[in-house]
Amino acid sequence: MKIKKITLRHMKLDLLTPFVTSFGIEYDKDFILVEAVTESGTTGWAESVAMLDPLYNEETVKTNWHILEDYLIPIILKSGISHPDEVSEKLFKHIRGNYMAKAAIEGAVWDAYAKEKGISLAQALGGTKEKIEVGVSIGIQESIDASLSVIEARLKEGYKRFKLKIKPGWDVELIDRVRQVYPEIPLMADANSAYTLSDMDRLRQLDAYNLMMIEQPLAHNDIIDHAELQAVLSTPICLDESIHSLDDARKAIKLGSCKIINIKVGRVGGLTEARKIHDLCMESGIPLWCGGMLEAGIGRAHNIAITSLPNFILPGDTAGSALYWKEDIITPEVIAENGLISVPKLPGIGYKPNLEKIEKYTLLSKEYE
Ligand SMILES: O=C(O)CCC(=O)C1=CC=C[C@@H](O)[C@@H]1C(=O)O
Ligand SMILES: [Mg+2]
């Protein structure tokens, strides 16, 4: 397979409601959309999950555009590709970091490859599920009552798991109140690195609430302190930001830094690496779930495909499009019915990019041949 043309688009979609975490507020979503056309005319699509500002990690829309334009696209356009695994294992191997940029173009190659084989992306990855269970990620609200109202609404929609963003001062009281109202719901907390080991006693208070996990309590690039914290917490730690590769996952498991891992395809450099982490975690008895980065429909489609692999045991963040966008850039939109999403059987990502909506939300586009 040979990619003859790549188009980058800087997209901007307005979130239905601002998304508040321990590190900032997102009112709308800027991201790069990658379109790759093969010599036989097949088109593959993927999204970069890099944010406008370097708040989740060091990558941004601008750094991605530079790495894609000056390094990754020239490599792809001059290479023959017999399998998408070659993109990360060979073609991009010498390029350090920039995982979200790499994942964006590797994902488009995977989509095109699956389409040329006439199989779904899920099938191409080795997925086994017909449906996936999904939950919701609920940002920091103006009040605990507001958080309770959001949970009530999502519970009625049938979502399978409730992730609450926490930070110092918005943690124990919040979880306590939620547990008073909802003693049994599958509940977890995501701290986005808002704590340090000095907060150990405060974090241990959360052990009283039967949380599924506490996600990324400590520094974004740490696995040592997380191992010390996990040794005293009965609640499983889930790592998100700390895991960028198969090697990071291996070391975190070896050290006992976590009992669960949140896979984000963009954070780990693409679907090939995500599948390798999946296989290691399956051998090691570490359950996975697929995290979200407020993706639009094409990114959500990739998340659905990877979540179809068997060790994605826990509900992920890939909720329905309607929770995020007035209108999505795919048809049909991603629909979660009673917290379940059917894994598409059509070739590739299984959702049709909506070119009219893509143009509507494109701020800038550039073609590379
Ligand atoms: O896409 C979703 O609904 C998940 C959103 C979400 O929880 C996150 C998005 C982006 C960065 C973080 O704030 C956070 C996460 O850590 O998972
Ligand atoms: Mg997270």
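Basis for what follows: all heavy atoms, side chains included, without hydrogens, waters or symmetry-related copies. For ligands, and for the atoms within them, numbers begin at 1 and follow the listed sequence.
The part of Lys165 lying near ligand 1 is the side chain, judged by heavy-atom distances below 4.0 Å. When non-hydrogen atoms are compared, ligand 1 lies under 4.0 Å from neither the backbone nor the side chain of Val136. With a heavy-atom cut-off of 4.0 Å, Asn192 touches ligand 1 through its side chain alone. With a 4.0 Å cut-off on non-hydrogen atoms, Thr21 touches ligand 1 through its side chain and not its backbone.
The protein non-hydrogen atom at the shortest distance from atom 1 (O) of ligand 1 is Leu294 N, 2.8 Å. Considering only non-hydrogen protein atoms, atom 2 (C) of ligand 1 sits nearest to Tyr324 OH, 3.4 Å. Protein heavy atom in closest approach to atom 8 (C) of ligand 1: Gly292 O, 3.5 Å. Nearest to atom 10 (C) of ligand 1 among the protein's heavy atoms is Met293 SD, 3.4 Å. Of the protein's non-hydrogen atoms, Lys264 NZ, 2.8 Å is the one closest to atom 17 (O) of ligand 1. Nearest protein heavy-atom neighbour of atom 7 (O) of ligand 1: Ser137 OG, 2.8 Å.
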Problem set entry | Stepwise salt bridge (Lys or Arg N to Asp or Glu O under 4.0 Å) test for Glu327 and Lys357 | CA-CA 8 Å; Glu327 49 188 4; Lys357 301 296 180 201; 2.7 Å; yes
For this session: Decide yes or no on side-chain contact (heavy atoms from CB on, under 4.5 Å) for Glu369 and Lys4, but give the supporting numbers first.
Result: CA-CA 6 Å; Glu369 296 189 70; Lys4 69 172 183 184; 5.7 Å; no
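Nearest N/O/S atom of Asp240 with respect to the Mg ion (ligand 2) is recorded as OD2. For Glu215, the N, O or S atom with the smallest separation from the Mg ion (ligand 2) is OE2.
Counted within 6.0 Å of OH on Tyr182, heavy atoms from surrounding residues, nucleotides or ligands total more than 12; the atom is thus considered enclosed. Open room surrounds CZ on Arg204; 12 or fewer heavy atoms of other groups in view lie less than 6.0 Å from it. Heavy atoms from other residues, nucleotides or ligands lying under 6.0 Å from CD of Gln180 number more than 12.
Close N/O approach between Phe19 and ligand 1 is not found [any backbone or side-chain N/O within under 3.5 Å].
Between Glu69 and Lys366, at least one side-chain N (NZ, or NE/NH1/NH2) sits under 4.0 Å from a carboxylate O, which counts as a salt bridge. The residues Glu367 and Lys5 are annotated as salt-bridged, a charged nitrogen and a carboxylate oxygen being separated by less than 4.0 angstrom. Ion pairing between Lys115 and Asp111 holds under the 4.0 Å rule for side-chain N and carboxylate O.
Here the side chain of Lys102 pairs a donor or acceptor atom with the backbone of Ile95 at under 3.5 angstrom.
By the 30° and 60° cut-offs, the orientation of the rings of His278 relative to Phe312 is parallel.
Of all the atoms in ligand 1, the ones that sit under 4.0 Å from a non-hydrogen atom of Phe23 are 11 (C), 12 (C), 13 (O). Listed by number with element, the atoms of ligand 1 under 4.0 Å from a non-hydrogen atom of Asp190 are 15 (C), 16 (O), 17 (O). The Asp240 neighbourhood of ligand 1 comprises atoms 15 (C), 16 (O), 17 (O), with distances under 4.0 Å to a heavy atom of that residue. For ligand 1, the atoms lying closer than 4.0 Å to a non-hydrogen atom of Lys163 are 7 (O), 15 (C), 17 (O).
The side-chain heavy atoms of Cys281 and Leu288, taken from C-beta on, include a pair separated by under 4.5 Å.
Look at Asp190 and the Mg ion (ligand 2): an N/O/S atom of the residue is under 2.8 Å from the metal.
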